[in-house]
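What follows is a set of notes on a single structure, which appears directly below.
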Amino acid sequence: MIFDVERAKRLQERLSRRVSLNDLDLGKVRYVAGLDVSYARNLGVGVAVLLTYPQLDPVEYVVVKGRVEVPYIPGLLAFREAPLLIKAIELLSIKPDLLVVDGHGVTHPRRFGIASHIGLVTDTASVGAAKSLLYGRVVDSGPERLIVVDDLVGGLVVKYGRREVYLSIGHRVSLDNLRVLSKTLFKHHDLPEPTYLADRVAKEVRAVEARR
DNA sequence: GCGACAG
DNA sequence: ATCTTGTCGC
């Protein structure tokens, strides 16, 4: 696969300047979408699950399958997964007010992880929910654990159950929004409900697709 | 050159 | 992410 790493990095540096850290009025958020991708060899299965907010009741989901040629390179995940996910988002019958993306947002080497990337491209508020740290350092601050990138506090670490989850600012969301979401996005699992559901659907479809 | 490294 | 058996724990 021909993939220009340096060009991709330059694009991220340029687009990162357009990321907004402004506060989102969560009182006006009616729907959130969870996004995730699973793979069966070359076939990528992108899933977008729509849920009500703050009830977190599932409304519908969209599955988009397609060949993925871009390799996984730490820091460049969006170039591999964003295409399928953006298509899935566009196929939802209702436009979500907030996206919960599997991966990081501004807690990224160039402050432009997949959550920021998808949020900016779709012009939608977004947050990242990752299962491990990619960039930055975790700093204890009273009762909370913050993810600091240079002089920016871009996310926080939460733990509801077995594993820790790294929540980060994607686009058009503030750290205070993240603090609220760190409580309202979790329901029955150790992952945010939108992420959990998207992951489950993606893996189920992958299982079916795997034996063909 | 060495180590780190979302999914 | 995916490949994989049994195994530990709620």
Side-chain angles (χ1 to χ4, degrees), chain A residues 1 3 5-6 8-9 11-12 15-16 19 34-49 63-86 88 99-121 126-138 145 147-150 152 154-171 173 178 186-192 194-212:
Chain A
M1 171 60 194
F3 181 66
V5 173
E6 292 312 313
K9 289 182 178 178
L11 180 60
Q12 292 183 322
L15 295 181
S16 68
V19 168
L35 309 173
D36 192 26
V37 179
S38 66
Y39 299 89
R41 311 238 174 136
N42 252 27
L43 186 72
V45 178
V47 174
V49 177
V63 177
V64 173
K65 292 176 278 190
R67 285 187 55 165
V68 177
E69 301 291 349
V70 179
Y72 166 67
I73 299 174
L76 301 179
L77 175 65
F79 295 90
R80 174 175 167 82
E81 304 195 335
L84 285 178
L85 294 178
I86 291 171
L99 305 174
V100 181
V101 188
D102 209 315
H104 286 89
V106 300
T107 47
H108 173 280
R110 289 164 294 282
R111 298 190 184 187
F112 201 66
I114 189 169
S116 301
H117 189 128
I118 294 179
L120 187 71
V121 171
S126 67
V127 299
K131 303 171 201 63
S132 64
L133 187 65
L134 165 68
Y135 188 76
R137 48 200 195 84
V138 177
R145 307 180 65 200
I147 305 176
V148 182
V149 175
D150 300 321
L152 168 71
L156 45 81
V157 188
V158 297
K159 186 173 183 181
Y160 291 104
R162 201 166 197 299
R163 57 186 167 187
E164 312 200 298
V165 174
Y166 299 75
L167 296 178
S168 57
I169 293 171
H171 182 49
V173 157
L178 231 45
F186 292 81
K187 195 175 184 182
H188 304 310
H189 312 277
D190 56 2
L191 287 178
T195 301
Y196 176 81
L197 289 179
D199 180 82
R200 207 149 85 34
V201 172
K203 279 176 178 164
E204 186 53 49
V205 174
R206 186 208 78 80
V208 174
E209 214 63 43
R211 9 194 176 75
R212 316 189 53 201

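Values below: all heavy atoms of this structure, side chains included; hydrogens, waters and symmetry mates excluded. Protein chains get the first letters and strands the later ones, always in sequence-line order, with residue 1 at the start of each.
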To the nearest Å, how far apart are A/Tyr39 OH and C/dA1 P?
-> 10 Å
Value in whole Å for how far the P atom of C/dT2 lies from CG of A/Asn42 | 14 Å
Rounding to a whole Å, what distance do you find between A/Arg137:CZ and B/dG3:P?
-> 23 Å
Roughly how many Å is it from CZ in A/Arg41 to P in C/dA1, rounded to a whole number?
-> 19 Å
Given side chains that start at C-beta, do those of A/His104 and A/Leu77 come closer than 4.5 Å, heavy atoms only?
-> no
Determine whether A/Val149 and A/Val106 make a side-chain contact, defined as any pair of heavy atoms from C-beta on separated by less than 4.5 Å.
-> no
Do A/Val63 and A/Val201 come within less than 4.5 Å of each other through their side chains, counting heavy atoms only?
-> yes
For A/Arg163 and C/dG9, what is the distance between atoms CZ and P respectively, to the nearest whole Å?
-> 19 Å
For A/Leu85, report the nucleic acid contact type (base, sugar-phosphate, nothing); a contact means any heavy atom under 4.0 Å.
-> nothing
Among the candidates B/dG7, B/dC5, C/dT2, find the nucleotide nearest to the side-chain atoms of A/Arg206.
-> C/dT2
With heavy atoms under 4.0 Å as the rule, sort A/Gly75 into base, sugar-phosphate or nothing.
-> base
Enumerate, in order of first residue number, the stems that involve DNA chain B, defined as 3 or more consecutive Watson-Crick or G-U wobble pairs with both distances under 3.5 Å.
-> none
Salt-bridge criterion met for A/Lys131 and A/Asp102 (N-O under 4.0 Å) | yes
Inspect the contact between A/Arg163 and A/Asp190 and indicate whether a charged nitrogen and a carboxylate oxygen are less than 4.0 angstrom apart.
-> yes
A/Glu164 side chain reached by A/Arg145 side chain, heavy atoms, under 4.5 Å = yes
Within this structure, what is the CD-to-C1' distance between A/Gln12 and B/dA6, rounded to whole angstrom?
-> 12 Å
Atom CG of A/Leu191 to atom P of C/dA1: distance rounded to whole Å?
-> 10 Å
Could you check whether A/Tyr72 and the base of C/dA1 form a stacked pair, meaning centres closer than 5.5 Å and planes differing by less than 30°?
-> no
How are the rings of A/His117 and A/Phe79 set relative to one another: parallel (under 30°), tilted (30 to 60°) or perpendicular (over 60°)?
-> perpendicular
In residues 104-114 of chain A, which ones come under 4.0 Å of DNA chain B, going by heavy atoms?
-> A/His104, A/His108, A/Gly113, A/Ile114
Take the protein atom NZ of A/Lys203 and the nucleotide atom P of C/dT4, then report the distance between them rounded to whole Å.
-> 16 Å
